[in-house]
Amino acid sequence: MRSETSPLLKVEGLCRNFGGLMAVDTLDFDVHAGEIFGLIGPNGAGKSTTFNVISGFLPPSGGSVRFRGEVLPGGKAAAASRAGLVRTFQHGSYVRSMSVGDNIRLGTVSGTPRPERAGRVREVAALLGLSDKLGETAGTLPHGLQRLVSIAIAIAAQPKLLCLDEPLTGLNETEVGTVLKVLDGYRRAGDRAILLVEHNMKAVMTVCDRILVLHHGTFLATGTPTEIRGNDDVIHAYLGQAHAK
Amino acid sequence: MQHVIQLGATALQIGAVYILFSLGLTLIFGVMRIVNFVHGHIFAIAALVVASLLPRLVEGGFAAPTAYVLASLAGIGAALGLGALIYFFGFRHFQRDLVGSFILSIGFVLMLDGVLLSLFGGSVRGVPEIFPGTLSVAGAQITMQRLFLCAVAFLMAAILYWALAHTKLGKALRAVAYDHEAAMMVGVPYGRIAFLGFLIASFLAALAGALLAPVTIVSPVIGTDYLIKGFIAVIIGGLGSVPGAILGSFFVACIETVGGYYLDSSYASIAIFTLVIVVLLFWPKGVLGRG
Amino acid sequence: MDNKRKTVLHWGLGGGAAILLSLVLTDPYLRSVLTLMAISALLAASLRFVMLMGELNFALAAFAGLGAYAAGYMNTALSVPFVLALPLAGLFTAVASALFGAITLRAKGPYFLLIGFTFTEAVRVVYSKIPALGGTSGMIGIYPPLSLDDWMAGIVVATSVILLLGLFAAERSDFGRILLAIRENENVARSVGVNTYLCKVIAMSCACFVAGVAGGLHAFVNTVISPGDFSYLLAAFALAYVKVGGENYFLGPIVGAVVLVALSHYAIGLGGSEHFLYGGAIIVAVLLMPSGILGAFGKVGPRSVETKVRAARHAV
Amino acid sequence: MKIQLKSTAAIVALSSLVAPAAMAEETIKLGLSVPLSGAAAVWGKGAEFMCETAADEIREDGGISVGGETYNFACLPYDNKYNAAEGTKVAQALLNREGVRYIGGSLGTAPVKALQSLAERQGVLVFTVAWGASLKGTDHPMTFTQMNTPGEILPVLLRYVAERHPDAKSVAMLNPNDATGQETEALASKVWTKNNVDVLTSDFYERGTTEFQPIAARLASMNPAMIDLGATPPADAGAIFKELDVLGWDGVKIVEVGTGADGLKATGGAAADGVYMGAGVTFDGDTVTDHQKAVNTRAKERIGESLNAVQIGFYDSLYALKAAMEKADSIEPEAVADSLPRVTFRTFYGGEIGFYGTNIYGRDQQMRLPIIVTQVRDGQLEEVARLIP
């Protein structure tokens, strides 16, 4: 079924080096509408760099990122976002001094017509269970809710591909459950997908449809969670360490 | 040829003082991430103390060089005292707060304008010659006093350069400038290092003031001219960078000298400002600035 | 909705009262103090607007000067009438500042601040070199029409209220939210599709439009301008108004301008001690009232939290 | 906005309270608009001192008698910071707050222009030492000049120097890039040409400059027979001559509107020797009166340096006003302005003088002060020629 539709995101031969260090080396993968695609790997595997290049926060050293059939201009974050590829950041991507409502509204400023913004904010807040927190200042909320605000901002921008950078770090189990439910619901709309970088293996294995494993900036393995779990290379490079703990 | 040597010597002499001055600015910025507008007044107070003490000491029977050393010590002491006061009652509370520290420094600048004027009066002071004589190099003339100034300035810059790389304090200063949180994590006492950095910077400015006192016009407003030039030097070189400050100082001194010689000096100052904009176009963080 | 109505009411009352005051004041000296307060409040509000995005626009003095000289030149050399010269001066300044911002806003923080400082000093030398602008001795005879003479204080205050209202609306709009996001977390703004560089240039340009009009008013009120009027001290004083009043509040720069201008008018009779007094006021305000007069009086509002948050961040 | 309003009201109330209490009726307040901070503060402080000196003397002499009443002067010095904006503030405060109707003296072309425009509308009489030619003339019937300006000094001084040094046929000029510098430069280059001296270059530099090496190098490279530093302040001029000395330049040195030898000697040392000045005042020598010496000694204690022509203007204006008020038998500014050109008064320089200037400015608004050519000889300022126009 997946091979019939053209992919939402197609990454081809992506490279990025910092001086002599090859952080990402000729990486290929694609993400299709309707799926949650996990990007995992041990620390320093090149996940963040890949993420930054795809979302336009870093220009690539080589290769291309094709989104909805169009090649994205490298290093133009705002352009990528307007095309429908919106990301969050690992360390809180919200504005501490603004209210939750204003924060979510930020997500609507470049894509939603002005009269619809307020409605959109309420909608997204409801989706993430933030409806009764709209007036509170984001910086004073508990950590878990702040994470939700970050995701809400990104969702408010109505992305076709939502890229989340470790959205579950520091959340308790209930909060993880909420987020996963939101992600699952988001994916179900059909024409959208999620690219997820996450350390919480249990969550990744539960929610992802397909997973790509990176190791030292290169492709290691790809497949369904079951396939990845059974992959010897992956167990050796990554899961082995986790299991050993 | 004689022109070229004379201009080169002039640029070197002017540059030497700018180096001392801007090294302090860049050091304070590196360690505390503040833009210190009071630097000019620390410089001025040292120069003023030297200029007002020196003639009295000479009249009191001291030999000129001895009197100069004594007056300089007093001037540098006064400047360091002022620096310590300003640090403790002000900047200590505003580290890494660019806006807050800046407005505070403007407050100090205005207040010190009034204080210096009422303490030292507005009139210009003459300073007797300390090291008479001139040196002639291939037709270019350099006074011994300027030569002395140059030598001390370069010596101090060299010592600072060496100390930053090799001493414990220097390493701590660099560590704090590079990443103060990481430095604190590995046990660098940030507060003390910041204070020492501020004092060293004040010392450099005071030294520049004491060295310049015999060769320039000393008035309570002398600091502003150097402050503007010093800032331009560090913008060009890159804030927080020691080699950058040295490079920027020479750059400013060269334009000032060459521009002042071939154009008229008020056009030279416009040229300096224009070039800063050009530098900024290509290097938004200065030529040697870090990210 | 209730909040909105309250805001409108506050503006109506406050602005109306200020304009009324400017019209009923008959004492020429008090009127001159009031106009200066209004112009200073404009400059401070302009400075604070750029501070919303985390940058200190120290080129403010240069742009106020450009506005003043543009208005003065149009009025004296080109006979452009007052009502036209004022907005044109603002536009000219807005365009000039957009060019300046396009170059300098690639840099940030201290670089942007210091480049503004040096730009201010450079522009002053340039004025002094242009005979058509009166050189160093300044430009004279910048008069509003004689029929408006009695109304000048009212015109200045009304113009200020309108421009302040514009800045207020911009701050409370989504554009204002973007600026705040840029200050605290520029990446968030970029991640949701905002061209932050363009937004910065626009914000700079809007703020300088206000500064340009303020400069124009300055020229028409004083009728004489000189390069010395627009030294970096003008920006330093504007910063003092913002900080003393309370940078976290829209009213901050206005309160600061009113208080400090009044103080400086008192101090002017003290001769050379004015700097001493002024500097002392700034130091005391900054050290003892870090969130300004408004913060010290415990004004409660959504912004009061911000101060705490910021303070916490600096403590790290 | 509400807060603004409240504060405004409070401030308004406050500022009327803090304004000095109204003085006794027989006092005539003289406003002074002078720099009291920044680089020119010493001029302003000296001006304040001289105004007070003259006011005290007049009080001790029995004051000014007009219409059977006895009046005395009080000096109100306000800091104009040498710019137009502060000049306006000062003008507003003096005229509209203090209700001053006489400006005893004002300094700085830009702030004086700001003051003049307000003063003329209110019929306030203005004395000024500012040199801008645009400040004078028939358009400004209430303005009087209390000091020699380039228009008076230059023709006399430059002809004198040209005659003393007939072989010197070239000059290099330098002026500060400000109003006085620009005015002086424009006139001086004309006068030099008229005296058959070749002007090799005419440069400007920014006030506040502290490094004069490049400037000196440029001037010396032209190899002029004379160097004319125009309106360069004495301290700057001294520093430039010192650098020129190091470079080996030796020629005729002129500071046209040089006001004092102290600054020149302070920075120039021995290199200041031989400098001609057009606005210098000497307090050594036989012709100096005890009164001049005594005042100068007190001035030195108060401001740190010898008095100069700028500051002395603030003394002379008070005697001129006294004379005019008594002659007009009125303290109305219009009446006083009317009688000023027709009175004579005792100047600080000695002797009775009046006003002149119809030939140049269209009305008698310029004090007929002696033009004194001075020269630094062996570290002392000596008067070499005196001309009473």
Side-chain angles (χ1 to χ4, degrees), chain B residues 25 29 33-35 37 86 89-90 93-118 122 180-181 184 224 227-229 231-232 234-235 238-240 264 266-267 269-274 276-281 283-286 289, chain C residues 51 54-56 58 100 102-115 117-126 128-129 136 231-233 235-237 239-240 242-244 247 270-287 290 310-311 313-316:
Chain B
L25 280 179
F29 180 81
R33 288 287 183 279
I34 63 174
V35 176
F37 266 58
I86 286 173
F89 290 103
H93 312 288
F94 288 86
Q95 319 222 16
R96 306 191 169 262
D97 176 357
L98 185 72
V99 177
S101 63
F102 176 71
I103 172 71
L104 183 71
S105 76
I106 289 292
F108 280 128
V109 162
L110 291 177
M111 191 144 124
L112 285 172
D113 266 349
V115 172
L116 291 188
L117 192 67
S118 57
H180 83 293
E181 282 173 8
M184 279 157 82
T224 313
L227 195 68
I228 295 173
K229 302 274 170 60
F231 276 140
I232 292 176
V234 293
I235 296 172
L239 276 169
D264 128 347
S266 64
Y267 283 112
S269 33
I270 298 180
I272 293 177
F273 295 122
T274 316
V276 179
I277 300 270
V278 173
V279 165
L280 213 66
L281 262 177
W283 294 279
K285 285 183 184 289
Chain C
M51 284 168 83
E55 300 293 348
L56 257 179
F58 231 57
F100 174 83
I103 295 173
T104 54
L105 281 167
R106 286 152 33 96
K108 276 185 189 171
Y111 288 93
F112 182 70
L113 186 166
L114 291 177
I115 201 68
F117 173 68
T118 53
F119 180 70
T120 301
E121 297 303 301
V123 169
R124 276 175 59 206
V125 180
V126 173
S128 72
K129 285 285 175 192
T136 25
S231 78
Y232 82 95
L233 283 176
F237 288 155
L239 186 55
V242 173
K243 197 74 190 176
V244 168
E247 62 174 309
L270 303 179
S273 315
E274 187 191 350
H275 274 197
F276 186 81
L277 200 134
Y278 220 142
I282 294 174
I283 294 170
V284 168
V286 170
L287 289 180
R310 283 165 59 92
R313 213 151 33 103
H314 291 139
V316 175

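Throughout, a chain's letter reflects where its sequence line sits, starting with A, and its residues are numbered from 1.
- Heavy atoms of B/I270 lying under 4.5 Å from chain C belong exclusively to its side chain.
- For the side-chain contact (heavy atoms from CB on, under 4.5 Å) with C/L114, the qualifying choice from B/V276, B/I228, B/V35 is B/V35, the only one to do so.
- Nearest heavy atom pair, residue B/P284 against residue C/A107, reads O-CB, 3.4 Å.
- Across B/K285 and C/Y111, no two heavy atoms sit closer than the pair O-OH, 2.8 Å.
- Nearest approach of B/L239 to C/P110, heavy atoms of both residues: CD1-CB, 3.4 Å.
- Here the CD1 atom belonging to B/I277 is positioned 4.5 Å from the CD1 atom belonging to C/I115, to the nearest 0.5 angstrom.
- For the atom pair C/T118 OG1 and B/I232 CD1, the distance stands at 5.5 Å (nearest 0.5 Å).
- Among B/I235, B/D113, B/I106, B/L112, the residue with the largest count of heavy-atom pairs under 4.5 Å with chain C is B/I235.
- Looking at residues two or more places apart in sequence or on another chain, you find no ring-ring contact (aromatic ring centres under 6.0 Å, His included) involving B/F29.
- Across C/R106, C/M51, C/E121, the residue that shares the most heavy-atom pairs under 4.5 angstrom with chain B is C/R106.
- To the nearest 0.5 Å, atom CZ of residue B/F102 and atom CG of residue C/L113 are 4.5 Å apart.
- For the set C/I103, C/V242, C/V123, the entry with the most heavy-atom pairs within less than 4.5 Å of chain B is C/I103.
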Working for side-chain contact (heavy atoms from CB on, under 4.5 Å), residues C/L233 and B/L110: CA-CA 9 Å; C/L233 283 176; B/L110 291 177; 3.9 Å; yes
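- Between B/F37 and C/Y232, the ring planes lie tilted relative to each other; the angle falls in the 30° to 60° range.
- At a threshold of 4.5 Å between non-hydrogen side-chain atoms, the residues B/F273 and C/V126 do not count as touching.
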